[in-house]
Amino acid sequence: MQDVVQSAPAVPAETLREALELYRQLHANPELSGAEERTAAAFADGLRHAGFAVTTGVGGHGVVGRLTNGDGPTVLLRAELDALAVAEQTGLPYASTAVAPGPRGDAVPVMHACGHDLHLACLAGAARVLSDDRDGWRGTVLAVGQPAEETLHGATAMLDDGLYTRWGRPDVALAQHCAPLPAGMVAHGPLMTASSITLEITISGRGGHTATPRHCDDPVVTAALIVMQLQTVRAQHTDPTEPAGLTVGQLTAGTSPNVIAHSATLGVTMRAYSPAALTRMREAVERITRAACAAAESPSEPRIRVVAQSPSNTPDPAVTTRLRDAHRQTFGSARVADWPPSLATEDFPHYTSEGVPTGYWMLGVIGPTQWRSVPGDPATRIARLPGNHSPQFAPYAALALPTGIQALTAATHAWLRRSDATR
């Protein structure tokens with residue numbers, strides 16, 4: 001991996017200007033999962049401007065743009081609409097100050113802390129490039145703006161709303177994702193090979209005055225015991241050689257420090273490479289929770305429900321080979337890296353419905369100055385730089401955006417380029 005990244009491949013200046021403007025607009029005005037109305041409208045306008053036939057409201061706020069250019073395969077390109085409940089700390093002139101109702105109705109800050117705004121801008125730019133270069137390819141491009149990726153609900157919602165029946169089964173589905181690599185690079189590999197499941201656990205109590213705890217059943221104490229015991233699940237219920245993780249990402253209870261809460265809620269996410277390990281972890285979490293509630297004499301059984309889950313995102317090997325070759329031809333081998341397996345998950349693997357092969361790659365977004373500011377080897381730098389979901393996550397759009405546009409267009413051409421077209 002080099003400190004000095006080569007210049008990004010050329011994108012027409014007007015297309016790049018429009019894509020950058022869209023990116024900054026989306027970044028400054030993020031919306032949470034399921035509430036992406038303005039984001040969807042802005043993305044849809046970009047596709048219409050590129051000459052795509054656009055349908056909105058698919059599986060929620062999902063957007064589907066279609067451009068047919070003669071007979072040939074169909075390539076689906078996906079980007080995500082939603083942002084995260086994170087308070088931005090980037091200091092960017094277009095930083096988000098948005099606040100919106102969270103899942104429980106309380107106001108939360110909102111930020112594009114995972115790069116979905118950049119993904120959308122790259123796809124809108126690629127749509128424009130492909131539309132302006134119709135002599136160079138034949139087939140159909142489906143540009144999909146998917147809602148609710150962060151909650152792992154959007155892909156299935158769009159598929160259930162007829163994505164593959166209303167627009168036809170694609171020959172391949174492709175996507176890219178921001179990563180803390182030098183901007184101007186892309187990376188291929190096993191990628192997100194973990195499956196995940198998120199549980200919402202509600203522990204019942206009997207609320208009352210803090211002066212009389214003996215007359216109450218405090219669910220916060222029970223929740224605290226459960227959180228501590230859950231830290232043993234990874235060590236006790238998975239093979240130590242197998243990557244897996246368990247995180248209690250949410251713990252909510254009470255409204256006042258002098259009132260014993262009536263209930264407490266935990267949000268628990270588990271990730272593992274194998275479905276068997278994930279099942280063992282889930283069963284252990286449920287046993288620990290029920291045992292703790294029984295020991296505390298909770299007034300009722302805990303309520304445990306699955307709120308999100310996703311299979312492993314493992315791209316098709318043949319598709320990955322073709323994509324890597326296309327990107328090496330476009331960028332040169334020095335700018336195409338390997339990406340190791342990861343416990344990160346997302347809902348893109350649901351696009352394999354009906355046997356559709358998928359391809360997925362990582363898009364570098366760290367600027368040269370920021371990359372050089374952290375000492376150490378590439379792995380150390382990646383670990384120390386503000387990455388996805390950080391309040392300081394700030395893609396270097398001047399390099400990442402044109403690279404992302406060209407990565408998508410090169411990938412599309414790998415399936416749709418005419419045999420008699422000049423490369």
Side-chain angles (χ1 to χ4, degrees), residues 1-3 5 23 26-27 30 32-33 79-80 82-92 94-96 109-122 149-152 175-194 196 198 243-250 269-271 273 310 312-313 335-348 360-401 403-404 407:
M1 220 174 275
Q2 299 173 330
D3 281 347
V5 180
Y23 166 65
L26 296 175
H27 189 89
L32 293 172
S33 303
E80 315 95 309
D82 54 338
L84 288 159
V86 173
E88 183 160 356
Q89 299 174 10
T90 63
L92 292 169
Y94 49 90
S96 168
V110 188
M111 174 192 174
H112 270 298
C114 202
H116 294 181
D117 48 352
L118 187 71
H119 302 169
L120 290 167
C122 288
E149 187 279 326
E150 294 293 354
T151 58
L152 304 179
Q176 62 184 356
H177 203 292
C178 290
L181 288 167
M185 296 190 70
V186 296
H188 296 269
L191 298 167
M192 305 175 187
T193 54
S196 74
T198 297
L246 183 151
T247 301
V248 181
Q250 290 178 309
T269 295
M270 292 155 281
R271 305 168 187 267
Y273 282 3
S310 179
S312 170
N313 182 23
R335 292 174 57 191
V336 180
D338 293 323
W339 191 257
S342 166
L343 285 175
T345 61
E346 72 136 283
D347 64 0
F348 185 69
Y360 197 96
W361 65 92
M362 309 309 284
L363 174 67
V365 297
I366 303 298
T369 301
Q370 187 180 26
W371 182 257
R372 287 193 295 266
S373 70
V374 178
D377 59 21
T380 300
R381 291 175 172 181
I382 289 171
R384 292 180 178 176
L385 287 165
N388 306 65
H389 294 210
S390 165
Q392 298 173 331
F393 181 66
Y396 189 76
L399 282 175
L401 187 56
T403 302

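Just so it is clear, the model here is predicted, and its values are computed rather than measured.
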Answer yes or no: is there a side-chain heavy-atom contact under 4.5 Å between [X] and [Y]?
{"X": "H177", "Y": "E80", "result": "yes"}
{"X": "P30", "Y": "D117", "result": "no"}
{"X": "L152", "Y": "S196", "result": "yes"}
{"X": "P109", "Y": "V86", "result": "no"}
{"X": "H112", "Y": "H119", "result": "no"}
{"X": "T345", "Y": "N313", "result": "no"}

Is it true that a side-chain atom of [X] and a backbone atom of [Y] form a donor plus acceptor pair closer than 3.5 Å?
{"X": "E346", "Y": "E149", "value": "no"}
{"X": "H188", "Y": "V336", "value": "no"}
{"X": "R271", "Y": "L343", "value": "yes"}
{"X": "H116", "Y": "D82", "value": "yes"}
{"X": "E88", "Y": "S96", "value": "yes"}
{"X": "R381", "Y": "G376", "value": "yes"}

Do Q392 and S390 have a side chain donor and acceptor closer than 3.5 Å? no
Closest approach of [X] to [Y] (non-hydrogen atoms, all atoms of both residues):
{"X": "P375", "Y": "T380", "value": "O-CG2, 3.9 Å"}
{"X": "M362", "Y": "C178", "value": "CE-O, 3.8 Å"}
{"X": "G364", "Y": "A400", "value": "O-CB, 3.6 Å"}
{"X": "P180", "Y": "W371", "value": "O-CZ3, 3.6 Å"}
{"X": "C114", "Y": "N388", "value": "O-ND2, 3.6 Å"}
{"X": "V110", "Y": "A83", "value": "CG1-CB, 3.8 Å"}

Who pairs with F393 by ring-ring contact (aromatic ring centres under 6.0 Å, His included), at least two apart in sequence or on another chain? none
Which value, rounded to the nearest 0.5 Å, describes the distance between [X] atom [atom1] and [Y] atom [atom2]?
{"X": "Q250", "Y": "T269", "atom1": "CD", "atom2": "OG1", "value": "8.0 Å"}
{"X": "L84", "Y": "M111", "atom1": "CG", "atom2": "CE", "value": "8.5 Å"}
{"X": "T151", "Y": "D347", "atom1": "OG1", "atom2": "CG", "value": "7.5 Å"}

Going by the side-chain contact (heavy atoms from CB on, under 4.5 Å) test, name the single residue among L363, L118, I366, L401 that passes it with P395. L118
Does a sphere of radius 6.0 Å around OH in Y396 hold more than 12 heavy atoms from other residues, nucleotides or ligands, not counting ones at 6.0 Å or beyond? no
